[in-house]
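Written out below as structure tokens is the structure these notes cover.
Keep in mind the model is a prediction, meaning the values are calculated, not measured. Each ligand, and each atom within it, is numbered from 1 in the order the structure gives.
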Amino acid sequence: MSIVVNPWSGSSQWMAELAKHLPDEELLLWPDVVDRDAVEMVAAWRMKRADLASFPNLTTILSMGAGTEQWQRDGTPPVRIVRLADPAMSDEMAAYALHWVIHFQRDFDAPYGVDDLSNWGSGALPVPAPREHRVGILGYGTIGRRIGRAFTELGYPVNAWSRSGTTDANVTSFAGLETLAEFLGTCDAVINVLPNTPATTGLITAERLSQFAPGATFINIGRGTVIADEDDLVDAVDSGPLGAAVVDVTNPEPPTASSRLFGHRRIRVTPHVAGSTQIPTAAALIAANISRIRAGEEPFPVVDPATGY
Ligand code: GLV
């Protein structure tokens, strides 16, 4: 039984890395598949539903990305979906979040008086110390916890919001929708890492935006769909309460050329680069899951169809 490999890019590196860990497997680079009946697993970033449906013996999709919404649309064969939970990607996302939280906390856009050498440093503004700058993480799974650890280690107080809460002793836990307003209202910076599910789509409405603390920074590195309407986000930066926004993900992606997100002094846009799939580490994790399946064990993490992540 074979495994179809369908990466977004870097095909030869993916094939080489997977083959290194799985020397006895038949790995087929899509679309070079002759015997579709023999396909048992697909490792891919995306794939057309009709192509997936053409493998009658498919049991498992191994996602090459952290997000798995692309595998949960109507018409996708109802097979087991294994997420990619790569610590290397979580590290990158934590670094991205640190960068932007600190950028706006310390107002690094300000001139800081470096142009006045006779009065060196006179423009330095008093900034809140880390212990006075509360960071909120919307979505406290693998990536959220890594981000939380990055901030707590530097002395930032951290709020963590999720559906069911956390017992993590280093953070203040908020569980469920009824706590969301309080969570948003007590953070100086909020980082969204929620997955795209029916429950998170459009979660941040204009009303929710009005619940942020005055001057707060909102950083979206989860999915653009969490924002109900991007115009409302821009309005919340223009008229308050937000002080700044950073969006690595948008809806649609890329944004339209006329999007108000562009060219705004206090909104930064990056093109979905906060955390990328790194082939060597990702291939090792996917290969380990394939080996588990071959040994009759459960791969992990498997998406729960009830929650969508
Ligand atoms: C990137 O957004 C991913 O889902 O891996």
Checking the side chain of [X] only, and the main-chain atoms of [Y] only, is there a donor and an acceptor separated by less than 3.5 Å?
X	Y	result
S2	A38	yes
R268	V247	no
T197	T200	yes

Pair R49 + D74, salt bridge at N-O below 4.0 Å:
no

Ligand 1: which residues have a non-hydrogen atom closer than 4.0 Å?
W45, G65, A66, G67, M89, R223, H272

Pairwise side-chain contact, T205 with D232, heavy-atom cut-off 4.5 Å (strictly under)
no

Residues at least two apart in sequence or cross-chain that pass ring-ring contact (aromatic ring centres under 6.0 Å, His included) with F212, listed by chain then number, are F218

